[in-house]
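Reviewing the structure listed below.
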Amino acid sequence: QQPKSDNERAIVDILWSDPAETDQQRGFTENKRGVSCVFGSDIVEKFCKNNNIDVIIRAHQVVKEGYEYFARGHLITVFSATNYCGVMDNAGAILCISEDLRISPKLVEPRDQNGSDWREVESPPSPMRAVQNIDTLADVLERVALEDGMDPNQNLLDVLLPTNK
């Protein structure tokens with residue numbers, strides 16, 4: 001079922017959109033999963049700048065190593081289910097955030113007959129970014145709505161990704 005209103009579409013995009021395959025891809029493209037869209041690194045960087053945040057942490061998408069950096073470290077995808085659906089042969093991960101807001105991934109490999117243990121990650125596949133602010137999506141949306149005086153009927157994407165800022 002397709003979203004009926006702009007606000008419904010915005011919620012679907014927030015929940016189901018995916019980052020592009022590489023940091024070099026820009027803008028929005030169609031998502032091969034048939035729902036929402038794929039966004040480029042420029043979209044992530046613009047969103048972070050407009051909302052004065054350093055990093056977005058997201059889940060729900062299988063990634064081979066359990067976690068993955070995108071947009072020069074401004075977006076981290078984490079997926080904790082190892083060997084998803086018994087066929088993906090992926091590692092799982094959790095993110096530990098220290099008091100000084102340093103993010104450290106912890107990995108677990110898919111279990112074999114002997115089991116497995118969490119292992120420390122020596123060097124991530126892409127460089128870590130210094131993190132100063134960690135906000136939930138609800139915090140960001142509330143702040144944007146309050147600062148911009150958003151009308152409840154206004155398209156949420158126009159507020160989240162303004163073109164004139």
Side-chain angles (χ1 to χ4, degrees), residues 2-3 6-82 84 88-98 100-107 120-145 147-148 150 154-165:
Q2 293 297 317
D6 288 341
N7 282 344
E8 284 179 8
R9 174 74 180 168
I11 296 301
V12 167
D13 287 344
I14 289 168
L15 295 174
W16 292 104
S17 60
D18 294 316
E21 293 291 325
T22 69
D23 276 12
Q24 288 70 41
Q25 292 174 268
R26 303 279 190 235
F28 291 100
T29 59
E30 199 171 299
N31 193 324
K32 65 184 174 188
R33 293 194 296 166
V35 64
S36 189
C37 62
V38 170
F39 52 86
S41 59
D42 59 326
I43 302 300
V44 172
E45 291 174 22
K46 182 177 179 181
F47 181 87
C48 289
K49 181 180 179 184
N50 287 346
N51 291 285
N52 194 30
I53 60 175
D54 293 316
V55 68
I56 300 166
I57 299 173
R58 67 185 288 273
H60 93 76
Q61 184 182 16
V62 178
V63 288
K64 181 73 174 156
E65 300 301 321
Y67 72 101
E68 186 175 273
Y69 292 93
F70 181 69
R72 298 181 310 137
H74 287 287
L75 184 134
I76 305 170
T77 298
V78 62
F79 194 78
S80 61
T82 60
Y84 185 63
M88 297 303 292
D89 193 33
N90 63 290
I94 62 171
L95 298 179
C96 297
I97 303 173
S98 67
D100 65 352
L101 301 179
R102 181 152 179 84
I103 300 171
S104 302
K106 307 289 184 198
L107 298 183
E120 298 286 330
V121 176
E122 294 298 321
S123 61
S126 61
M128 295 292 292
R129 303 260 321 151
V131 178
Q132 296 172 356
N133 303 319
I134 298 179
D135 288 342
T136 65
L137 179 58
D139 293 335
V140 171
L141 293 175
E142 181 179 356
R143 185 172 63 247
V144 168
E147 289 175 0
D148 290 350
M150 181 177 165
Q154 187 175 5
N155 183 338
L156 190 55
L157 286 179
D158 289 341
V159 174
L160 294 177
L161 297 171
T163 56
N164 60 355
K165 283 190 179 180

ask   = What residues form a ring-ring contact (aromatic ring centres under 6.0 Å, His included) with F79, not counting sequence neighbours?
value =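 Partners of F79 by the ring-ring contact (aromatic ring centres under 6.0 Å, His included) criterion, ordered by chain and then number, come out as Y84.
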
If you compare all heavy atoms of [X] against all heavy atoms of [Y], which two are closest, and at what distance to 0.1 Å?
X   : Y   : answer
R58 : Q61 : NH1-OE1, 2.7 Å
F70 : S41 : CZ-N, 3.4 Å
A93 : G66 : CB-O, 3.3 Å
K64 : M88 : NZ-O, 4.2 Å
L75 : V55 : N-CG2, 4.4 Å

inquiry  = Y67 vs T77, test: side-chain contact (heavy atoms from CB on, under 4.5 Å). Steps then yes/no.
reply    = CA-CA 5 Å; Y67 72 101; T77 298; over 6 Å; no

request  = Mind checking salt bridge (charged side-chain N to carboxylate O under 4.0 Å, His left out) for D42 and listing every partner two or more places apart, or none if nothing turns up?
outcome  =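 Testing D42 for salt bridge (charged side-chain N to carboxylate O under 4.0 Å, His left out), a comparison that skips the adjacent residues, returns none.
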
query = For K49, which residues count as a salt bridge (charged side-chain N to carboxylate O under 4.0 Å, His left out) partner, sequence neighbours excluded?
reply =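 Once residues adjacent in sequence are excluded, K49 has no partner under the salt bridge (charged side-chain N to carboxylate O under 4.0 Å, His left out) criterion.
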
query = For V38, which residues count as a side chain to side chain contact (heavy atoms under 4.5 Å, CB included) partner, sequence neighbours excluded?
reply =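 Listed in chain order: A20, T29, N31.
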
message = List the residues meeting side chain to side chain contact (heavy atoms under 4.5 Å, CB included) with V12, not counting sequence neighbours, and say none if there are none.
response =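 Scan of V12 (side chain to side chain contact (heavy atoms under 4.5 Å, CB included), adjacent residues dropped) gives P3, W16, V35, S36.
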
Selection residues 22-38 - residue pairs positive for salt bridge (charged side-chain N to carboxylate O under 4.0 Å, His left out), sequence neighbours left out = D18-R33

ask   = Looking only at atom types and distance, does a side-chain atom of H74 sit under 3.5 Å from a main-chain N or O of C48, one as donor and one as acceptor?
value =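 Looks like no, no N/O pair under 3.5 Å.
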
inquiry  = Treating N90 as the side-chain partner and E65 as the backbone partner, does any N or O pair qualify as donor plus acceptor under 3.5 Å?
reply    = no

request  = For the residue pair I97 and I57, establish whether any side-chain heavy-atom pair is separated by less than 4.5 Å.
outcome  =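 Yes, side chains in contact.
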
